[in-house]
Amino acid sequence: MLNGKKILIGITGGIAAYKTATLIRLLVKAGAEVKVVMSATAKQFISPLTVATLSKNPVLADFFNPENGEWNSHVKLGIWADLYVIAPATANSMAKIACGIADNLLLTTCLSARCKIMLAPAMDLDMFQNPMTQRNIQILKNQGFIFVDAKEGELASGLSGKGRMAEPEEIFESIEKYFTETQDFVGKKILITAGPTREKIDPVRFISNYSTGKMGYAIAETLANRGAEIILISGPVEIKPINNKIQLVSVESAQEMYNACKTHFPQCDVAIMSAAVADYTPETTAPEKIKKDSDNQMILKLVPTPDIASEMGKLKTEKQVLVGFALETENELNNATNKLSKKNLDFIILNSLKDKGAGFGYDTNKITIVYRDSTIEKFELKSKAEVAQDIADRIYPLLK
Ligand code: C5P
């Protein structure tokens with residue numbers, strides 16, 4: 001299963017670095033192509049010669065070779081890898097990654113990597129428990145980094161507690177799991193709507209909402225990482241897709257989003273409607289900026305926009321799966337259940353604005369899924385990347 005997979009191993013400066021030698025051996029034995037990048041401190045814990053011999057490739061540590069000036073391109077490495085595994089990941093390196101610091105080759109490659117990054121933390125128990133480390137781990141989890149959690153046990157300091165790096169065999173299993181699980185959507189084409197829409201009043205003003213697109217983009221990344229081809233139809237947002245299996249179709253208004261969905265939906269196996277589409281749009285858009293008239297009220301006449309989810313529900317064939325979202329402030333379950341049948345959805349994901357940490361702009365979300373047979377599944381507050389995995393797991397069994 002790992003045969004031919006390109007795995008980049010990052011080693012940072014912790015005593016657990018010696019265990020990474022075993023991990024490299026396991027990967028090479030399984031047929032993976034392994035390259036290793038080390039931080040300067042890591043070289044004091046494990047010799048580059050050992051690592052180069054086991055990985056069958058020269059070890060990379062510096063931006064260029066001082067002998068001949070040969071350039072070690074972090075960009076090439078980042079594009080080359082199918083998965084980047086940093087083991088051990090020290091508190092220091094994780095803090096830098098969480099801040100986007102790039103002061104060595106290993107860290108710079110984190111910024112340019114197009115693949116997923118897996119971290120196996122290793123440190124002393126007090127460093128691990130420190131709120132700053134925990135905050136950094138949370139930031140990284142929210143960004144979709146995969147963690148092979150640190151374990152409880154005896155530590156190099158002689159103390160005992162949580163902070164030991166997971167054993168090489170467990171990290172190896174996590175890598176295998178990543179490649180099996182994540183390829184379950186190969187051959188599937190998925191349409192995702194995300195972000196807000198803008199409904200123009202005049203050339204400088206519009207009606208919109210607080211949606212940031214984070215949930216829809218997290219679903220797009222997750223499904224692309226699991227092998228699907230994604231058409232991401234997005235309203236104006238600050239974020240950009242990373243995975244090159246995501247084709248971005250940028251739109252502005254509800255009408256434009258509807259037109260794009262109508263074009264792409266017939267070729268898709270699944271559509272996930274996560275956009276916060278405006279329900280109304282100005283009946284007319286003024287060709288010039290509307291002038292202020294302080295003596296009179298300003299009355300805008302609004303007309304309904306197309307309900308994209310409902311329209312796709314009408315077009316839906318037996319083979320297609322349609323998923324919608326509901327953001328409610330009252331009678332949440334009733335309203336969500338009504339939308340599920342009205343829009344002909346396979347299931348609906350309910351977000352509540354009442355839940356702390358859920359809703360617009362957060363990196364976390366707390367969802368409830370309502371299915372067609374009226375069963376309800378409630379989830380804990382999780383990072384949007386983890387919520388996206390849960391949603392993908394619920395779609396998978398519905399694929400025809
Ligand atoms: O009816 P309501 O807007 O609450 O329904 C929410 C669901 O319908 C979401 O999945 C949203 O993306 C979708 N929707 C849509 N087009 C609209 C309004 C909502 O696709 N005009």
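Numbering of ligands and ligand atoms starts at 1, following listing order.
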Partners passing salt bridge (Lys or Arg N to Asp or Glu O under 4.0 Å) against Lys245 (at least two apart in sequence or in another chain):
none
Can you pull every nitrogen or oxygen pair between ligand 1 and the protein closer than 3.5 angstrom?
{"residue": "ligand 1", "atom": "1 (O)", "partner": "Lys343", "partner atom": "NZ", "Å": "2.8"}
{"residue": "ligand 1", "atom": "4 (O)", "partner": "Lys339", "partner atom": "NZ", "Å": "2.3"}
{"residue": "ligand 1", "atom": "5 (O)", "partner": "Lys343", "partner atom": "NZ", "Å": "2.9"}
{"residue": "ligand 1", "atom": "8 (O)", "partner": "Lys343", "partner atom": "NZ", "Å": "3.0"}
{"residue": "ligand 1", "atom": "10 (O)", "partner": "Met273", "partner atom": "O", "Å": "2.6"}
{"residue": "ligand 1", "atom": "10 (O)", "partner": "Phe325", "partner atom": "N", "Å": "2.8"}
{"residue": "ligand 1", "atom": "10 (O)", "partner": "Phe325", "partner atom": "O", "Å": "3.3"}
{"residue": "ligand 1", "atom": "12 (O)", "partner": "Met273", "partner atom": "O", "Å": "3.2"}
{"residue": "ligand 1", "atom": "12 (O)", "partner": "Ala275", "partner atom": "O", "Å": "2.7"}
{"residue": "ligand 1", "atom": "16 (N)", "partner": "Ile308", "partner atom": "N", "Å": "3.0"}
{"residue": "ligand 1", "atom": "20 (O)", "partner": "Ala309", "partner atom": "N", "Å": "2.8"}
{"residue": "ligand 1", "atom": "21 (N)", "partner": "Pro306", "partner atom": "O", "Å": "2.9"}

Can you give the donor-acceptor pairs under 3.5 Å from side chains of residues 155-167 to other protein atoms, not counting sequence neighbours?
{"residue": "Ser157", "atom": "OG", "partner": "Asp124", "partner atom": "OD1", "Å": "2.6"}
{"residue": "Ser157", "atom": "OG", "partner": "Leu159", "partner atom": "N", "Å": "3.2"}
{"residue": "Ser160", "atom": "OG", "partner": "Gly153", "partner atom": "O", "Å": "3.3"}
{"residue": "Arg164", "atom": "NH1", "partner": "Glu154", "partner atom": "O", "Å": "3.1"}
{"residue": "Arg164", "atom": "NH2", "partner": "Glu167", "partner atom": "OE2", "Å": "3.0"}
{"residue": "Glu167", "atom": "OE2", "partner": "Lys19", "partner atom": "NZ", "Å": "3.1"}

Is a side-chain donor-acceptor pair under 3.5 Å present for Asn57 with Ser55?
no
Report, one line per pair, each donor and acceptor closer than 3.5 Å where one atom sits in a side chain of residues 92-103; sequence neighbours left out.
{"residue": "Ser93", "atom": "OG", "partner": "Thr90", "partner atom": "OG1", "Å": "3.4"}
{"residue": "Lys96", "atom": "NZ", "partner": "Asp103", "partner atom": "OD1", "Å": "3.2"}
{"residue": "Lys96", "atom": "NZ", "partner": "Asp103", "partner atom": "OD2", "Å": "3.0"}

Given the rule in the side-chain hydrogen bond (donor to acceptor under 3.5 Å, both in side chains) test, do Thr50 and Tyr18 qualify, once you have shown the distances and angles that lead to the verdict?
CA-CA 10 Å; Thr50 309; Tyr18 79 92; over 6 Å; no
Would you say Ile117 and Leu77 are hydrophobically clustered, going by side-chain heavy atoms of ILVMFWY under 4.5 Å?
yes
